[in-house]
Asker: 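My questions all concern the structure below.
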Amino acid sequence: MDSSGKYVRYTNEQVEALERVYHECPKPSSIRRHQLIKESPILANIEPKQIKVWFQNRRCREKQRKEASRLVSVNAKLTALNKLLMEENERLAKHTSQLTLENHALRQQLPGLPLTDGRHRLSSQNALKKEGAVNGGDESSTQGGICVRIHGQAGVASTDTSCDSAVTGGLPHRLTPQHSPRDTSPAGLLAIAEETLTDFLAKATGTAVDWIQLPGMKPGPDAIGIIAISHGCVGIAARACGLVALDASKVTEVLKDRPAWQQDCRRMEVLGVLPTANGGTIELLYTQMYAPTTLASARDYCTLRYTTILEDGNLVICERSLIGGQNGPPMPPVQSFVRGEMFPSGYLIRPSDGGGCIIHVVDHYDNERWSVPEVLRPLYESPAVLAQRSTIAALRHLRRLASEESGEGNPRNGQHPVVLRTLSQRLAKGFKNAVNGFGDDGWVSTVSDGLEDVSVMLNATPKSMEGQIASDKLLYSLGGGILCAKASMLLQNVSPSLLIGFLREHRSEWADFDIDANVATSFRSNGNSYARGGGVSHVQLPLPLAHSGEHGEILEVVKLEGHSSVQHMVLSRDSFLLQLCSGIDENAVGASAQLIFAPVDVALAEDIPLLPSGFCVSPIDASVVGGFDLDRTLDLASTLEGGSDLRLNGDTKSNGTSGQMRSVLTIAFQFAYEVHTRETCAVMARQYVRTVVASVQRVAMALAPSRAPAPLRQAPSNPDAISLVRHVLSSYRLHLALDLTRPENRGDEALFKAFWHHTDAIVCCAWKGMPEFVFANRSGLEMFETTTSSLQDLDWDKTLNENECELSYTTFTQVLQQDYCSLPAGVRMSSTGRTTTYERALAWKVLDDNEAVECIAFLFINWSFVT
């Protein structure tokens, strides 16, 4: 509409010209609109205001189009979800009816047991007649206490394996029975395949497994799907149902290529292929999976995979382990791997009426949890962890591909989504390769420096490790290679997403700027040492490459700004880190979080060399490891300030929280080295990772909420203990002119309570020619993993590292002469042999009321177990 109030009609040429500008810039400025009129003669008769209105209307139409498309997609999702829920409700109703009939029939066989409603029990004949009427003419009989239903004709027994009796349903049972030995002929493999198909369908659409909803996952149009985990079955199992906007053939192709979408899958080899008469395919597979931490071995599987189309047109991909001597050819064990077992699992792909497919995913494993340390077994026996790592990951990958095909996943900076997805996968796989350090990739261990907290491995082979160690060939020709320093540690009461999010946003709290820049420049030019140089600061570029809201995954670039320095001119060139952060928005049970980064040039390409380093935090169920009371608390502000009296006055107040949240943190840092810098690089890497470990421990304890003291370590508030604590605190104030605790009042009970709940470990030792433990607060008992009654039986020498024995005895002499002394960071051993590290320690002489030496007290600051 022009200034006179008349509508303006645009010619086709004018609309095409405006459309071209709109695709380049949907919201042009006033200057750009005037420039457009001058550059396009066909728009000369149109006023700038009219062009502004055209662009406003065009943006409104685009918005309406996208909203209409979104509503159509939401309607399709809701329709599919409603169909799934109706099927689930029908299945549960049928299951309930079957259980009711079976339980009623079982009660008839137990004479003398009254019914729950107090009525008299029917006779056997009447019970059978009544049940036959319910079943529409079918009769039931019982043999040996087991209900056998007779359908139509006598002697034809039907056993329904899709449901279990309420009497036996809660008992653990093997869903896949032990099979008689079979040959490896096509007929034998086909029999195994058909049996696998039956068992899989019973789990995917039946009640062969007792499923419960995964906590934190709620159905809805924006949800990933309906997620369930197993309860009371052999091994661990997870099931997911969801809608993806891809055709069945594409879904089949994607799901069968497991290494392309599952980060934990290292490789998968097809050992043999056998076509079947019904158009299906049987494949023999060998698959290797990464270990989630440095403390456990990786898993591998030898499986049979069966792909076929059912009579109703649905497509099935089912898979199960082949165990030599039972139902398949033997597969020799592989070094560095523990053979796991996959029970019938797979994918049921059903075309949806509104487009796309409805996917049913079932994963069922036994990962030999007894082969890992007890504290890590929840990672291998939790169905929630399996659901997050495999079941949900399959649906997420499919939805991401569908989003890329529809154009919704295109990032703003113009990078192709396939390139960004490839970079994300390479970062994740490269980090897992570094954590596992497989020998067939060229990794070899180095000689330890006497401490086992950090392990260092070298890779001096030109093997590319699938592109993850594809640095310059000149690096290997000079005798160089890749070095990896890694460690694992247990964390207490810290959410994985919270910790990783903090490490990403506050890099200065744990990273060394100079080492970051040196790693980036040395990997880029292969010619720089690891000496410290000019000042460098981390700056987050406004360049988010990709963001996936479902998993909280962010791919971004971090810039290391270099400042010119006469001593280190190489840092005058800016360096960049490609960084992947995932799991920071995920609060579902079993979800892990990771922060992985690699030095890169500002120009990104799919085949750029990457040297990933980073962190991965995996949650551990509290119910299994509740016996390890490792909770550590710390005030965040006072911790991160880094004052000289850090935490010496910070006693913890309990919040009454009864639950425990534990997780395992895995750290792996990779460095490029040359032949003449290998030893220097190894020393630097080991020390740097130890520094990072200490920083992360400090941050984790700061983020952890305070908890009540462990019930197994109650405060022994007897008069002797109260008197000793009073002397310890008063002597500390006398020697250091500081208060170790600041209770609300100065009464003996208040002082003892503050001492007992102090977050740092306080241990008292008597000197009788040899040190002897006398008393410790709660944190001290946790540090040495003992109790008050067992503390005095603990041998002092057994808590010392070999390198610290002589230094420890020197400390006693120094304290007796100087009243107190400060100790650097060190290592202690608990009663169970676990290594404990601390940032620093204080020792002081404890005087009684007569100013005689009563004992020597030690304060271990910021201690933590290192695994």
Side-chain angles (χ1 to χ4, degrees), residues 373-375 450-453 490 492 625-632 709-718 720-725 727-728 731-732 740 752 755-816 821 823 825-846 853-867:
E374 184 176 359
V375 71
L451 300 178
E452 301 298 334
D453 54 339
L490 299 177
Q492 173 69 22
V625 294
F628 294 88
D629 193 16
L630 310 179
D631 56 300
R632 312 290 293 116
L712 297 179
R713 297 186 175 99
Q714 300 294 335
S717 55
N718 55 67
D720 293 337
I722 293 177
S723 176
L724 176 60
V725 168
H727 295 159
V728 170
S731 299
Y732 184 89
L740 183 58
F752 183 85
F755 173 89
W756 180 256
H757 296 302
H758 198 283
T759 55
D760 288 317
I762 306 174
V763 181
C764 300
C765 297
W767 178 259
K768 301 179 180 178
M770 293 290 292
E772 295 181 3
F773 287 104
V774 175
F775 188 70
N777 68 340
R778 179 175 65 93
S779 183
L781 298 178
E782 294 171 359
M783 177 178 176
F784 291 102
E785 293 187 295
T786 185
T787 62
T788 302
S789 58
S790 303
L791 178 65
Q792 297 182 6
D793 297 331
L794 184 61
D795 191 349
W796 172 268
D797 291 339
K798 292 183 179 180
T799 65
L800 299 176
N801 184 274
E802 295 180 358
N803 300 329
E804 297 188 355
C805 289
E806 183 177 351
L807 179 62
S808 176
Y809 288 99
T810 305
T811 301
F812 279 90
T813 304
Q814 185 177 356
V815 171
L816 292 175
C821 71
L823 305 175
V827 177
R828 289 279 174 160
M829 307 299 294
S830 71
S831 61
T832 62
R834 290 207 290 172
T835 303
T836 306
T837 62
Y838 54 88
E839 287 187 2
R840 59 191 181 99
L842 290 172
W844 67 96
K845 183 167 53 178
V846 178
V853 178
E854 185 172 3
C855 64
I856 294 178
F858 290 85
L859 175 68
F860 299 99
I861 301 173
N862 288 352
W863 69 269
S864 181
F865 291 108
V866 177
T867 54

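Basis for what follows: all heavy atoms, side chains included, without hydrogens, waters or symmetry-related copies.
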Asker: Could you report the tightest heavy-atom contact between Ser779 and Trp863, atom names first, then the distance?
Answerer: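 The answer is OG-NE1, 2.8 Å.
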Asker: Please name all residues satisfying ring-ring contact (aromatic ring centres under 6.0 Å, His included) with Phe755, sequence neighbours left out, ordered by chain then number.
Answerer: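 Once residues adjacent in sequence are excluded, Phe755 has no partner under the ring-ring contact (aromatic ring centres under 6.0 Å, His included) criterion.
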Asker: Output all residues satisfying side chain to side chain donor-acceptor pair (under 3.5 Å) with Ser790, sequence neighbours left out; order by chain, then residue number.
Answerer: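 Ser790 satisfies side chain to side chain donor-acceptor pair (under 3.5 Å) with Thr787 only.
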Asker: Run the side chain to side chain donor-acceptor pair (under 3.5 Å) test against Glu854 and tell me which residues pass, sequence neighbours left out.
Answerer: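 Checked Glu854 against side chain to side chain donor-acceptor pair (under 3.5 Å); matches are His727.
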Asker: With a 4.5 Å limit on heavy-atom distance, are the side chains of Gln792 and Glu772 in contact?
Answerer: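 The answer is no; the side chains never approach within 4.5 Å.
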Asker: For the pair Val763 and Arg828, evaluate side chain to side chain contact (heavy atoms under 4.5 Å, CB included) and give the outcome as yes or no after the intermediate values.
Answerer: CA-CA 13 Å; Val763 181; Arg828 289 279 174 160; over 6 Å; no
Asker: Dump the intermediate steps for side chain to side chain contact (heavy atoms under 4.5 Å, CB included) on Met829 and Thr835, then the final yes or no.
Answerer: CA-CA 5 Å; Met829 307 299 294; Thr835 303; 3.8 Å; yes
Asker: Kindly give the heavy-atom pair with the smallest separation between Glu785 and Ser830, and that separation in Å.
Answerer: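 Shortest heavy-atom separation between Glu785 and Ser830 comes out as OE1-OG, 2.7 Å.
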Asker: List the atom of Thr788, the atom of Trp756, and the distance in Å for their closest heavy-atom pair.
Answerer: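 Taking every non-hydrogen atom into account, OG1-CH2, 4.1 Å.
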Asker: Assess the residue pair Val827 and Asp453 against the criterion (side chain to side chain contact (heavy atoms under 4.5 Å, CB included)); give the C-alpha distance rounded to whole Å, side-chain angles, the decisive distance to 0.1 Å, and a yes or no.
Answerer: CA-CA 10 Å; Val827 177; Asp453 54 339; 5.7 Å; no
Asker: Looking only at non-hydrogen atoms, find the nearest pair between Val815 and Lys845 and report the distance.
Answerer: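 Of all heavy-atom pairs spanning Val815 and Lys845, the closest is CG1-N, 3.5 Å.
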Asker: Distance check, rounded to the nearest 0.5 Å: Ile861 atom CD1 versus Glu839 atom CD?
Answerer: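 One finds 8.0 Å between CD1 of Ile861 and CD of Glu839.
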Asker: Going by side chain to side chain donor-acceptor pair (under 3.5 Å), name the residues that satisfy it together with Ser831, two or more places apart in sequence or in a different chain.
Answerer: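 Per chain and number, Ser831 pairs via side chain to side chain donor-acceptor pair (under 3.5 Å) with no residue.
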Asker: Enter the distance from Phe752:CZ to His757:NE2 here, rounded to the nearest 0.5 Å.
Answerer: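 Here the rounded value is 9.0 Å.
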Asker: Grab the two heavy atoms, one from Leu842 and one from Tyr732, that are nearest each other, plus how far apart they are.
Answerer: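 Shortest heavy-atom contact: CD1-OH, 3.9 Å.
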Asker: Test Ile856 against Thr811 for side chain to side chain contact (heavy atoms under 4.5 Å, CB included), laying out the working first.
Answerer: CA-CA 10 Å; Ile856 294 178; Thr811 301; over 6 Å; no
Asker: Taking side-chain contact (heavy atoms from CB on, under 4.5 Å) as the test, write out the residues that go with Cys855, two or more places apart.
Answerer: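 If we apply the side-chain contact (heavy atoms from CB on, under 4.5 Å) test to Cys855, skipping adjacent residues, the hits are Leu724, Cys764, Val846.
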Asker: Looking at Asp760 and Phe860, what are the two nearest heavy atoms and their distance?
Answerer: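 Answer, listing the atom of Asp760 first, then Phe860: CB-O, 3.5 Å.
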Asker: Between Trp844 (side chain) and Val728 (backbone), is there a donor-acceptor pair under 3.5 Å?
Answerer: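 At least one qualifying donor-acceptor pair exists.
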